[in-house]
Amino acid sequence: SEKQRPVSNLKFLGAASNNTEADITIIVDRSYDSAKYKNEIQTAVKEVAQSMNGSGTLRIVSSSSIPVTEYIGSPDKIGDFNTDSLKNKPSAQAAVDLALRLASNDLINAAKKRGIVLITCGNQNAFTFDRYNLGELSSYLNNNSISFSVINVSQNALCPEISYITENTQGDEYYVYRPQGLND
C-alpha cells in the first residue's frame, strides 16, 4: 500500500533472477603481488566476458593507488585482453575501497542483474580501506542490489576484509582454475 491506500494497476513483470542479461564490472587488482599473476588475471577476465554471451555491459576498473575505469562496452569487444594495456601500473597497495565505490556507482542504473567481480591474489597487505570501511561498502552494495564476487588467482587465502564483503553481499569466492571454469 501507499499511505494506507491500495496500489492500483499493480503488475508483476518478472524477477531479476530470471534475467539472462547482466551488467558486470571487473576490478583488476594492480598490487605488486597480483601483478605476478598476469596470465591468470587475463584468463579470468576473458572467461567472465565470454560467459556474458555478448549481452549486457562489461566494465573494467583497475585498482592501484587510485582506481581507473579502463573499459566500458560489449563483452564481445574485449578482444585479447592484456594487463599490459591497462593505464594503471602496479603499485604497493590497491585502494579497493575507492575501486568498489567507482565500480558500484556505474552499476546503480545498470541492468537488474548486476555485480562486481574482483580479480586478485588476495594478499592481506596489498589492500587499503582508508576512505570507506567494510560496513559502509557492504551496505552500499546491498542497498543497490549489487553482488560482489572474488576470483582468486592464487591458492592463498583471501584477506579477511575481502572475505567479509563477499560474505555480507550476494557474492561468492572462486578459484581461477576451478574444474568447472568461471562461466556460472
Side-chain angles (χ1 to χ4, degrees), residues 23-49 52 57-75 77-108 110 114-141 144 146-166 168-169 171-177 182:
D23 285 352
I24 303 294
T25 299
I26 297 173
I27 299 175
V28 177
D29 174 8
R30 298 294 287 159
S31 65
Y32 289 136
D33 294 328
S34 286
K36 298 173 190 171
Y37 295 93
K38 175 183 172 178
N39 292 333
E40 290 83 354
I41 291 171
Q42 291 171 176
T43 297
V45 169
K46 291 174 190 174
E47 275 197 57
V48 170
M52 294 175 72
T57 301
L58 177 66
R59 294 168 181 83
I60 297 178
V61 171
S62 59
S63 178
S64 191
S65 56
I66 297 174
V68 173
T69 301
E70 302 279 355
Y71 175 81
I72 299 174
S74 171
K77 295 187 179 170
I78 194 68
D80 195 21
F81 175 79
N82 191 321
T83 57
D84 294 335
S85 65
L86 296 174
K87 296 171 200 155
N88 248 344
K89 299 303 174 202
S91 66
Q93 292 187 317
V96 174
D97 58 343
L98 297 177
L100 278 169
R101 284 299 294 241
L102 177 62
S104 57
N105 287 344
D106 284 344
L107 289 173
I108 289 174
R114 51 188 170 239
I116 296 172
V117 177
L118 172 65
I119 301 175
T120 183
C121 73
N123 187 332
Q124 187 166 345
N125 300 323
F127 300 129
T128 62
F129 294 91
D130 296 334
R131 297 284 300 271
Y132 303 99
N133 67 42
L134 301 177
E136 290 171 330
L137 292 169
S138 298
S139 295
Y140 192 69
L141 294 172
N144 290 293
I146 300 171
S147 67
F148 176 72
S149 295
V150 179
I151 297 174
N152 192 346
V153 295
S154 72
Q155 293 187 346
N156 302 330
L158 291 175
C159 71
E161 294 88 355
I162 297 299
S163 292
Y164 175 88
I165 297 170
T166 306
N168 288 287
T169 59
D172 213 342
E173 296 177 11
Y174 304 96
Y175 175 58
V176 67
Y177 292 126
L182 299 171

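Count residues from 1 along the sequence. Values below: every heavy atom of this structure, side chains too, minus hydrogens, waters and symmetry copies. Keep in mind it's a predicted model, so treat the numbers as computed, not measured.
Between the side chain of Glu47 and the backbone N or O of Leu182, at least one donor-acceptor pair lies under 3.5 Å. The closest donor-acceptor contact from the side chain of Ser85 to the backbone of Asn82 lies under 3.5 Å. Between the Asp23 side chain and the Arg114 main chain, no donor and acceptor come within less than 3.5 Å of each other.
The stretch residues 121-137 participates, sequence neighbours left out, in no salt bridge (Lys or Arg N to Asp or Glu O under 4.0 Å) pair at all. Identified under the salt bridge (Lys or Arg N to Asp or Glu O under 4.0 Å) test for residues 85-104, with sequence neighbours left out: none. A salt bridge (Lys or Arg N to Asp or Glu O under 4.0 Å) check over residues 24-39, counting only residues at least two apart or in different chains, returns the pairs Asp33-Lys36, Lys38-Asp84.
Atom CD1 of Ile119 and atom CD1 of Ile26 lie 5.0 Å apart (nearest 0.5 Å). Here the OG atom belonging to Ser104 is positioned 10.5 Å from the CZ atom belonging to Phe148, to the nearest 0.5 angstrom. With values rounded to the nearest 0.5 angstrom, Asn105 atom CG is found 4.0 Å from Tyr140 atom OH. Of the inter-residue distances, the one linking Leu58 atom CG with Tyr71 atom OH reads 6.5 Å to the nearest 0.5 angstrom. In this structure, the separation between CD1 on Ile72 and OG1 on Thr57 is 8.5 Å, given to the nearest 0.5 Å. The CG atom of Leu107 lies 9.0 Å from the OG atom of Ser147; values are rounded to the nearest 0.5 Å.
Counting all heavy atoms, side chain and backbone alike, Ile41 lies closest to Thr83 at CG2-CG2, 3.7 Å. Here the closest heavy-atom approach between residue Ser34 and residue Thr120 is recorded as OG-OG1, 3.5 Å. Smallest separation of non-hydrogen atoms from Pro90 and Ser64: C-OG, 4.3 Å. Among all heavy-atom pairs drawn from Ser65 and Ala95, the shortest one is O-CB, 3.5 Å. Val176 and Ala44 make their closest contact through CG2-CB, 3.9 Å (heavy atoms, listed as atom of the first residue, atom of the second, distance). Counting all heavy atoms, side chain and backbone alike, Ile146 lies closest to Thr169 at O-CB, 4.5 Å.
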Only distances under 3.5 Å count here; give the side-chain donor-acceptor pairs of residues 154-163 to other protein atoms, sequence neighbours excluded, each with its distance to 0.1 Å.
{"from": "Ser154", "atom 1": "OG", "to": "Cys121", "atom 2": "O", "distance (Å)": "3.0"}
{"from": "Ser154", "atom 1": "OG", "to": "Asn152", "atom 2": "OD1", "distance (Å)": "3.1"}
{"from": "Ser154", "atom 1": "OG", "to": "Asn156", "atom 2": "N", "distance (Å)": "3.2"}
{"from": "Ser154", "atom 1": "OG", "to": "Asn156", "atom 2": "ND2", "distance (Å)": "3.4"}
{"from": "Gln155", "atom 1": "NE2", "to": "Tyr175", "atom 2": "OH", "distance (Å)": "3.4"}
{"from": "Ser163", "atom 1": "OG", "to": "Cys159", "atom 2": "O", "distance (Å)": "3.4"}
{"from": "Ser163", "atom 1": "OG", "to": "Glu173", "atom 2": "OE2", "distance (Å)": "3.3"}

Stepwise side-chain contact (heavy atoms from CB on, under 4.5 Å) test for Val45 and Gln42: CA-CA 5 Å; Val45 169; Gln42 291 171 176; 6.0 Å; no

Trace of the side chain to side chain donor-acceptor pair (under 3.5 Å) decision for Asn88 with Ser62: CA-CA 6 Å; Asn88 248 344; Ser62 59; 3.2 Å; yes

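Every residue two or more places apart in sequence or in another chain was checked for a side-chain hydrogen bond (donor to acceptor under 3.5 Å, both in side chains) with Ser74, and none qualifies. Listed by chain and number, the residues in a side-chain hydrogen bond (donor to acceptor under 3.5 Å, both in side chains) with Ser149 amount to none (sequence neighbours excluded).
By the 4.5 Å heavy-atom criterion applied to side chains, Leu137 and Val96 are not counted as neighbours. Side chains of Thr43 and Tyr177 form a contact here, defined as non-hydrogen atoms less than 4.5 Å apart. Counting heavy atoms from C-beta outward, Ile165 and Leu118 have side chains that stay 4.5 Å or more apart.
Counting non-hydrogen atoms of other residues, nucleotides and ligands closer than 6.0 Å to CD1 of Ile66 gives a total of 12 or fewer.
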